[in-house]
Structure formats: C-alpha cells, structure tokens
Amino acid sequence: MPLTNYSMISFDVDGTIFRQPCLRQTAHLLGFGNKWDQYDAMYKKGRISLRDRLVSHYKLLNGISLADVIEEVSKVQVMNNLRETVLKLQGHQIKVILLTDFPHFVCLYLIERFGFEGYVASRVGVKEEHITDEIEPLPDKRLGLRKYSAWTGIPLSRCIHVGDSLNDVPVFRIVGYSVALNAKHAKVKALASNQMETDDMLDVYRHLQALS
C-alpha cells in the first residue's frame with residue numbers, strides 16, 4: 001500500500017530514535033547506574049515483570065531535577081536527519097508520533113527538538129521541576145497505540161510503526177505496515193513488514209515512499 005494511504009506513523013524511542021540505551025546511560029552518568037542494571041538483570045531472569053521493571057527504574061529518578069535528566073538525555077546520540085524525516089512525513093499529511101515505555105518528559109524533549117506531534121508513553125510525575133514517584137508505566141505499547149488510535153479516529157490499518165525491540169512485535173502485528181530498524185533480535189526482524197539497518201532516518205522515509 002503506498003505511503004499516501006497511511007495517516008499515522010509511530011516511532012519507538014530507545015534504540016530507534018536514540019542509538020544507545022538512553023536512560024541507562026543517563027542513570028550511569030547520574031550515579032545510580034548499578035541499581036538500574038540490577039533491575040534489568042532481574043527482568044531478564046524472569047524475576048520481575050516488565051511493569052515492575054519500569055516502575056523500579058523510574059522510582060530511581062525520584063527527587064532528581066528534570067533539567068539534570070534532560071541534560072544527560074540530550075547528550076545521547078540520535079539517528080541522523082530526524083527533523084528532516086518528520087517534516088517529509090508530515091508533508092504527506094501523516095501524523096508523526098512517539099510510542100515508548102519511556103517517561104513522557106523524554107518525549108516532550110524529542111517533540112521540541114525534532115517536531116514530533118504527539119506521544120504514547122509512561123507517565124512520571126514532575127513537581128516544582130523535580131521528578132516524583134507518581135508513575136503510570138506503559139508496559140504494553142500495543143494497548144497504548146490502540147487507545148491513541150481510537151482517540152484520534154485513525155484506524156490501525158492506516159498506521160505504520162518503526163521499532164527495534166521485542167516489545168515492538170505486538171505493535172507490528174496490529175498496524176498496517178512495520179519496519180524493524182537496527183533490530184538485534186531475529187524475531188523482531190522476522191515479524192516486521194521490512195527490516196533495515198542504517199544511521200540515517202531518511203532511509204526509512206525513502207523506503208516508505210517507495211511502497212506501492
């Protein structure tokens with residue numbers, strides 16, 4: 001189906017927009033990286049759920065200045081030509097959003113920097129410019145996109161998703177088209193409509209533009 005038949009495209013954040021694990025790198029720079037990694041290890045061993053991992057990670061941010069977190073986030077390498085890609089997609093009247101289990105304030109930073117139009121993300125409280133422990137995690141991105149699709153009135157069949165991780169696979173299964181971008185897992189690559197490796201987001205646009 002040609003690109004003009006789609007109305008919305010969602011991008012994963014960690015590993016898709018950011019080239020390195022963004023918040024993990026931030027946690028290490030702010031001095032609590034070991035605790036962050038411990039929760040990752042517990043999740044990989046099946047000792048905690050994804051929801052519990054997200055809550056545990058984001059509780060580590062409690063009391064930290066939002067500005068300090070965003071400053072470290074801003075140092076993490078991102079894909080080339082992000083703003084240019086967003087603008088070109090918008091030129092096709094396509095809504096360009098972020099779909100992530102990251103805290104919403106990371107999305108707000110990316111929206112301001114690159115021009116994304118919206119987000120579906122975990123909610124983490126901020127009060128008086130400091131992060132709080134009020135956390136509403138988004139462990140199921142598929143459910144999040146379903147709700148966003150219903151809210152916007154855009155059918156999932158007219159949506160594209162670009163992601164790199166196993167938690168993107170359920171989203172791949174419900175949208176009209178999907179791209180596994182720089183994915184490391186064979187399952188992620190196999191279950192996407194297409195897979196590609198590049199450091200230039202415009203390559204994703206060119207691929208989508210060539211759809212027929």
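Just so you know, residue 1 is the first one in the sequence shown, and it goes up from there.
- Side-chain contact between L108 and Y119 is present, with at least one heavy-atom pair separated by less than 4.5 Å.
- Residue S7 forms a side-chain contact (heavy atoms from CB on, under 4.5 Å) with just one option from I160, I154, T152, and that option is I154.
- No side-chain donor-acceptor contact under 3.5 Å links H130 and S65.
- Residues Y205 and H92 place their aromatic rings such that the two centres sit under 6.0 Å apart.
- At distances below 3.5 Å, at least one donor-acceptor pair connects side-chain atoms of D14 with backbone N or O atoms of C22.
- No side-chain donor from either of D200 and N80 sits under 3.5 Å from a side-chain acceptor of the other.
- With hydrogens and angles disregarded, a donor-acceptor distance shorter than 3.5 Å links the side chain of R158 to the backbone of N5.
- Side-chain atoms of S122 do not come within 3.5 Å of backbone N or O of P137 as any donor-acceptor pair.
- Using a 4.5 Å heavy-atom cutoff, the side chains of V171 and D12 are not in contact.
- You'll find the side chain of V179 stays beyond 4.5 Å of the side chain of F172, heavy atoms only.
- The distance from atom CD of Q209 to atom CG of L3, rounded to the nearest 0.5 Å, is 7.0 Å.
- The environment of CD in E134 is sparse: at most 12 heavy-atom neighbours from other residues, nucleotides or ligands sit within 6.0 Å.
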Practice item. Could you walk me through whether M1 and Y177 pass side chain to side chain contact (heavy atoms under 4.5 Å, CB included), step by step? Key: CA-CA 9 Å; M1 190 163 69; Y177 194 82; over 6 Å; no
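- Counting heavy atoms from C-beta on, the side chains of M201 and R83 never come closer than 4.5 Å.
- Taking the six-membered ring where the residue is Trp, F32 and W36 present tilted rings, their angle falling between 30° and 60°.
- Side-chain contact annotation: Q77 with Q20, donor-acceptor N/O pair under 3.5 Å present.
- Counting only heavy atoms from C-beta outward, the side chains of V120 and K141 never approach each other to under 4.5 Å.
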Practice item. Dump the intermediate steps for ring-ring contact (aromatic ring centres under 6.0 Å, His included) on H104 and Y109, then the final yes or no. Key: CA-CA 9 Å; H104 70 285; Y109 159 75; over 10 Å; no
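- Remark: side-chain polar atoms of D140 are paired, donor with acceptor, to backbone N or O of L143 under 3.5 angstrom.
- Cation-pi geometry between R53 and Y43 is met: under 6.0 angstrom from the ring centre, within 45 degrees of the axis.
- Between T85 and V96, every side-chain heavy-atom pair lies at or beyond the 4.5 Å cut-off.
- Using a 30° and 60° split on the angle between ring planes, F102 and F18 fall in the tilted class, from 30° to 60°.
- Rounding to the nearest 0.5 Å places NZ of K59 at 6.0 Å from CD1 of I135.
- With rounding to the nearest 0.5 angstrom, the CG atom of L23 is 9.0 Å from the NE2 atom of H57.
- A donor-acceptor contact closer than 3.5 angstrom is absent between the side chains of H28 and N34.
- Taking a 6.0 Å sphere around NZ of K88, one finds it holds 12 or fewer heavy atoms contributed by other residues, nucleotides or ligands.
- Residues D52 and Y39 fail the side-chain proximity criterion, which asks for heavy atoms closer than 4.5 Å.
- To the nearest 0.5 Å, atoms CG (L82) and CZ (F11) are separated by 8.0 Å.
- For CZ of R113, the number of neighbouring non-hydrogen atoms (other residues, nucleotides, ligands) closer than 6.0 Å is greater than 12.
- Looking at heavy atoms from C-beta onward, I97 lies in side-chain contact with M8 at the 4.5 angstrom threshold.
- Counting only distance, with no hydrogens or angles, the side chain of S178 and the backbone of S193 share a donor-acceptor pair below 3.5 Å.
- E136 places no side-chain N or O within donor-acceptor distance of the main-chain N or O of A121, the cut-off being under 3.5 Å.
- Counted by atom type alone, D164 and T16 present one or more donor-acceptor pairs between their side chains at under 3.5 Å.
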